[in-house]
Amino acid sequence: MTLPRVLSIAGTDPTGGAGIHADLKSFEAAGAYGMAVVTALVAQNTQGVRSIHTPPVSFLQEQLDSVKDDVLIDALKIGMLGSVPITETVSQFVASLPEGVPVVCDPVMVASSGDRLLDADAERAVQELARRCTVVTPNLPELAVLAGVAEPQTLDEAIAVASTWARENNTWVVVKGGHLNGEHADNATVSPEGQVKRVPCPRVATKNTHGTGCSLSSALAARLGAGDSLGDALTWATAWLHEAITHADELQVGTGHGPIDHGHRMRRLAAQG
């Protein structure tokens, strides 16, 4: 059976914890063949972002064309975009894909610190793109921006907000509980019809969670590309991500908020022979 061929459109992280570097590791861990198109070159490490270099949109288009003209894409994950021209280019690319190709949008709009990452025009462009995607995987601040409401304070509140947005935009939403407090970091799928599947997940006490949003959405795209339902894909991705976070401290990468261990499950299985 051919491995699902999954494309990431996102920015970079030279220390390997987020962006396309995390996406490619997540694709591999989830049993897919990974590809990547770069939207922005980001000088960052575990302590934060230093600068961003954005190549011309014409080069972004050339990257997209070079993949699509040669490779059958089984699933697409969208991450950091950053500007209206980039978002519109990616939106046109999504529209050109064959019907039925799952598209996972991780709308990079609000940092974990709460800082808004896009101007108002770019936010509107990302909101429009999100409506064209199969599933959207916002963090709670981003869910609030998408829906135009105050940030939800509980998972139940977030599910209620997501249910309204999903119905109005005919798009599935994955609600992530990682930004909440408490013993649990549950996730949930919310359908346009209001159906909810909650996936339980215990919280891991660690500061090393850099790139969890990128990694969850990428693993989700890989499993969707393999033919899983969204509920099954989220169940797999949540369990895998929990293990990756559990072993994050062992990596000892950087002095700030370090990355998760994308390869722990593969190494554990390999060690068993």
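At a threshold of 4.5 Å between non-hydrogen side-chain atoms, the residues Q195 and V190 do not count as touching. Counting heavy atoms from C-beta outward, L220 and W236 have side chains that stay 4.5 Å or more apart. Between W240 and S26 the shortest side-chain heavy-atom distance falls below 4.5 Å. No side-chain heavy atom of S8 sits less than 4.5 Å from a side-chain heavy atom of V37. With a 4.5 Å cut-off on side-chain heavy atoms, T134 and V104 do not count as touching. Side-chain contact between Q44 and R50 is absent, with no heavy atoms from C-beta onward closer than 4.5 Å. Looking at heavy atoms from C-beta onward, V94 lies in side-chain contact with L76 at the 4.5 angstrom threshold. For the pair V136/P107, a side-chain contact is recorded, criterion being any heavy-atom separation below 4.5 Å from C-beta on.
A donor-acceptor distance shorter than 3.5 angstrom exists from the side chain of E142 to the backbone of N139, with no hydrogens or angles considered. A donor-acceptor pair under 3.5 Å is absent between the side-chain atoms of T39 and the main chain of L81, judged by distance alone. Checking side-chain atoms of T212 against main-chain N and O of T209 turns up a donor-acceptor pair under 3.5 Å. Put simply, the side chain of D228 never gets that close to the backbone of L224: no donor and acceptor are under 3.5 Å apart.
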Please determine whether side-chain contact (heavy atoms from CB on, under 4.5 Å) holds for the pair V57 and Q61, giving the CA-CA distance in whole Å, both sets of side-chain angles, and the decisive distance to 0.1 Å. CA-CA 6 Å; V57 175; Q61 186 66 62; 5.6 Å; no

Stepwise side-chain contact (heavy atoms from CB on, under 4.5 Å) test for T54 and I52: CA-CA 6 Å; T54 304; I52 299 174; 4.1 Å; yes

Evaluate the side chain to side chain donor-acceptor pair (under 3.5 Å) criterion for residues Q47 and T255: first the C-alpha distance (whole Å), next the side-chain angles of each, then the deciding distance (0.1 Å), finally the verdict. CA-CA 7 Å; Q47 298 181 46; T255 57; 2.9 Å; yes

Check step by step if side chain to side chain donor-acceptor pair (under 3.5 Å) holds for T15 and N45. CA-CA 6 Å; T15 56; N45 55 28; over 6 Å; no

side-chain contact (heavy atoms from CB on, under 4.5 Å) between K77 and C214, worked out: CA-CA 9 Å; K77 179 269 170 107; C214 304; 3.9 Å; yes

What do the steps show when you test F93 against V67 for side-chain contact (heavy atoms from CB on, under 4.5 Å), and what is the final call? CA-CA 11 Å; F93 181 76; V67 176; 5.7 Å; no

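Linking Ile, Leu, Val, Met, Phe, Trp and Tyr residues whenever their side-chain heavy atoms come within less than 4.5 Å leaves L64 and V84 in two separate clusters. By the rule that hydrophobic residues join a cluster once side-chain heavy atoms approach within less than 4.5 Å of another member, V71 and V90 end up as members of one cluster. Note on V199: it does not cluster hydrophobically with L180, by side-chain heavy-atom contacts below 4.5 Å among ILVMFWY residues. V6 and M80 fall into different hydrophobic clusters, where Ile, Leu, Val, Met, Phe, Trp and Tyr residues are linked whenever their side-chain heavy atoms come under 4.5 Å apart, directly or through other members. Y33 is not connected to V38 by any chain of hydrophobic side-chain contacts under 4.5 Å among Ile, Leu, Val, Met, Phe, Trp and Tyr, and they are in different clusters.
Rounded to the nearest 0.5 angstrom, R265 CZ and L241 CG are separated by 10.5 Å. T206 contributes atom OG1, which lies 3.5 Å from atom CG of D249 (distance to the nearest 0.5 angstrom). Rounding to the nearest 0.5 Å places CZ of R124 at 12.0 Å from OG1 of T87. Here the CZ atom belonging to R132 is positioned 10.5 Å from the CD1 atom belonging to I78, to the nearest 0.5 angstrom. Between atom CD of residue E243 and atom CD1 of residue I260 there is a gap of 11.0 Å, rounded to the nearest 0.5 Å. Rounded to the nearest 0.5 Å, atoms OG1 (T46) and NE2 (H257) are 8.5 Å apart.
In this view, H242 and C201, P202, V204, T246 satisfy the side chain to side chain contact (heavy atoms under 4.5 Å, CB included) rule, not counting sequence neighbours.
Residues G31 and P4 share a closest heavy-atom pair of O-CD, 3.5 Å. Here the closest heavy-atom approach between residue A222 and residue A32 is recorded as CB-CB, 3.7 Å. Shown here for V145 and M109, the closest heavy-atom pair between the two residues is CG1-CE, 3.4 Å. The two residues T171 and C133 come nearest to each other via the heavy atoms CG2-O, 3.1 Å. Nearest heavy-atom pair across N187 and G177 is OD1-N, 3.4 Å. The two residues D13 and A18 come nearest to each other via the heavy atoms OD2-N, 2.9 Å.
Salt-bridge check for R223 with D232: failed, with every basic side-chain N at 4.0 Å or more from each acidic carboxylate O. By the 4.0 Å N-to-carboxylate-O rule, E183 lies too far from R203 to be salt-bridged with it. Residues K25 and E28 are not paired through a salt bridge, judged by the lack of any N-O separation under 4.0 Å between the basic side chain and the carboxylate. Contact check on D261 versus R267 returns a salt bridge, with a Lys/Arg side-chain nitrogen under 4.0 Å from an Asp/Glu carboxylate oxygen.
L143 pairs in a side chain to side chain contact (heavy atoms under 4.5 Å, CB included) with only one of the listed residues (V149, V174, V161), which is V161. In summary, of the residues considered (T137, D106, D23), a side chain to side chain donor-acceptor pair (under 3.5 Å) with S218 occurs for D23 alone.
Side-chain atoms of K197 and T189 form no donor-acceptor pair, as typed in the model, at a separation below 3.5 Å. A donor-acceptor contact under 3.5 angstrom links the side chains of H262 and S215, judged on distance only.
By the neighbour-count criterion of 12 heavy atoms within 6.0 Å, atom CD of E99 is sparsely surrounded, having that number or fewer from other residues, nucleotides or ligands.
Within the structure, side-chain hydrogen bond (donor to acceptor under 3.5 Å, both in side chains) contacts touching residues 151-164 (residues at least two apart or in different chains) are D156-R198.
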